[in-house]
Amino acid sequence: MTAAMKEEFDRQGYFILKQLYSQDEVQALKAEAARILAKHDVDQSGVFLGLAAESELFKEAARTPGLTRALKAIIGDAVLFMNDKVVFKNASTDFGSPWHQDYSYWHGSHKFSVWIALDDATPANGCLRVLPGSHRSTVSHDGEASDNHGFIHRLNEEQIDASQVVDFEASKGDAIVFHDLLLHASYSNTSGADRWALISTYKDGTQPDPEYPWAKAAFALK
Ligand SMILES: O=C(O)CCC(=O)C(=O)O
């Protein structure tokens, strides 16, 4: 299983883990995320960084055994958790994320992120979209970024071959592990329903990197 997982990840730039978390676990994570968000001044970006930094539940979720096994198969034995964030879209924070490679934001060694559905995600409420195989090269991110929605490094929609795009329609608890060069985006949320996702980022701990101010909760997976 792990060899097949690695082979698929290397070919596509991502690997899907169906029902990585149970419905009860997802419910508890969403409630805990809501509790954390309520304690902070959260802006309209729809993103809050640093859940594991203040919650044991999120720390546990970041090292859940099924995920640890998958990450070790993909990255190797020295997996380092760096940080996590919740990306919450709802009736008032409803814009889609533009196409980008995460690598354009952090450079250094390649990182691996896990996008976890805390709600069922469909095109109507803003599911993730990926371009399989796009992790084999870096592309320049010079798309128009003046809409105040963050994502200063992005591509314009016309730069993407729409016929190759795969929508990740997810049930809550499903997850996708992806390489930081995989081009991805998400639909805007036209449904008014919540679409919350947890994104956790990892790296190969043997690889040198600059000190990232955002990696505030780093710990090694056992
Ligand atoms: O969850 C989403 O809508 C996409 C978020 C995203 O692409 C990112 O944070 O890099």
Side-chain angles (χ1 to χ4, degrees), residues 13-14 16-17 20-21 26 29-30 33 37 42-52 58 61-62 81-108 110-132 134-135 138-139 141 143 145 147-157 159-160 165-203 212 214-217:
Y14 64 90
I16 290 171
L17 297 162
L20 177 62
Y21 299 94
V26 170
L29 287 169
K30 192 173 173 189
L37 290 178
V42 176
D43 62 23
Q44 277 304 298
S45 66
V47 178
F48 178 83
L49 192 76
L51 298 119
F58 278 96
F81 167 79
M82 302 193 73
N83 209 343
D84 57 2
K85 62 184 179 183
V86 59
V87 183
F88 51 100
K89 297 185 186 198
N90 49 39
S92 56
T93 305
D94 56 0
F95 54 90
S97 302
W99 286 98
H100 64 283
Q101 293 173 316
D102 288 342
Y103 184 76
S104 65
Y105 289 91
W106 47 54
H107 298 280
H110 286 298
K111 317 290 184 300
F112 305 83
S113 290
V114 188
W115 186 103
I116 298 149
L118 298 184
D119 292 300
D120 293 344
T122 64
N125 72 348
C127 73
L128 197 71
R129 317 178 71 200
V130 300
L131 194 64
S134 55
H135 64 300
T138 44
V139 291
H141 286 60
D147 57 13
N148 281 331
H149 286 157
F151 292 98
I152 50 169
H153 305 297
R154 56 169 95 173
L155 280 76
N156 290 329
E157 192 76 36
Q159 293 172 266
I160 302 297
V165 171
V166 172
D167 290 350
F168 178 47
E169 291 203 45
S171 301
K172 36 176 123 147
D174 290 348
I176 176 171
V177 185
F178 62 96
H179 192 278
D180 66 1
L181 289 178
L182 184 77
L183 278 163
H184 62 284
S186 62
Y187 288 103
S188 55
N189 184 351
T190 54
S191 69
D194 277 5
R195 197 248 55 191
W196 289 28
L198 171 66
I199 307 179
S200 303
T201 298
Y202 301 82
K203 64 168 274 190
Y212 294 112
W214 52 269
K216 25 181 184 176

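In each ligand, atom 1 is the first atom listed, and ligand 1 is the first ligand listed. On a predicted model such as this, the values are computed, not experimentally measured, just so you know.
Salt bridge absent: Asp194 and Lys172 never bring a charged side-chain N and a carboxylate O closer than 4.0 Å.
Contact analysis leaves Tyr105 out of contact with ligand 1, as no non-hydrogen atom separation drops below 4.0 angstrom.
A ring-centre distance under 6.0 Å is found for His110 and Tyr103.
Separating the CD1 atom in Ile199 from the CG atom in Asn83 is a distance of 11.5 Å, to the nearest 0.5 Å.
Residue contact check: Ser97 has heavy atoms under 4.0 Å from atoms 2 (C), 3 (O), 4 (C), 5 (C) of ligand 1. Below 4.0 Å from some heavy atom of Ile199 lie the following atoms of ligand 1, by number and element: 5 (C), 9 (O). Listed by atom number, the atoms of ligand 1 under 4.0 Å from Lys85 heavy atoms are 8 (C), 9 (O). Proximity to Lys89 (heavy-atom distance under 4.0 Å) selects the following atoms of ligand 1: 3 (O). Of all atoms in ligand 1, numbered sequentially from 1 with element shown, those under 4.0 Å from a heavy atom of Trp115 are 1 (O), 2 (C).
For Lys30 and Trp196, the positive end sits near the middle of the six-membered ring, less than 6.0 Å away and at most 45° from its axis. Cation-pi contact between Arg129 and Tyr187: present, with separation from the ring centre below 6.0 Å and deviation from the ring axis of at most 45°.
Residue contacts with ligand 1 for Arg195 involve side-chain atoms from C-beta outward but no N, CA, C or O (heavy atoms, distance under 4.0 Å).
Leu51 places a side-chain heavy atom less than 4.5 Å from the side chain of Val86.
For atom 10 (O) of ligand 1, the closest non-hydrogen atom on the protein side is His100 NE2, 2.9 Å.
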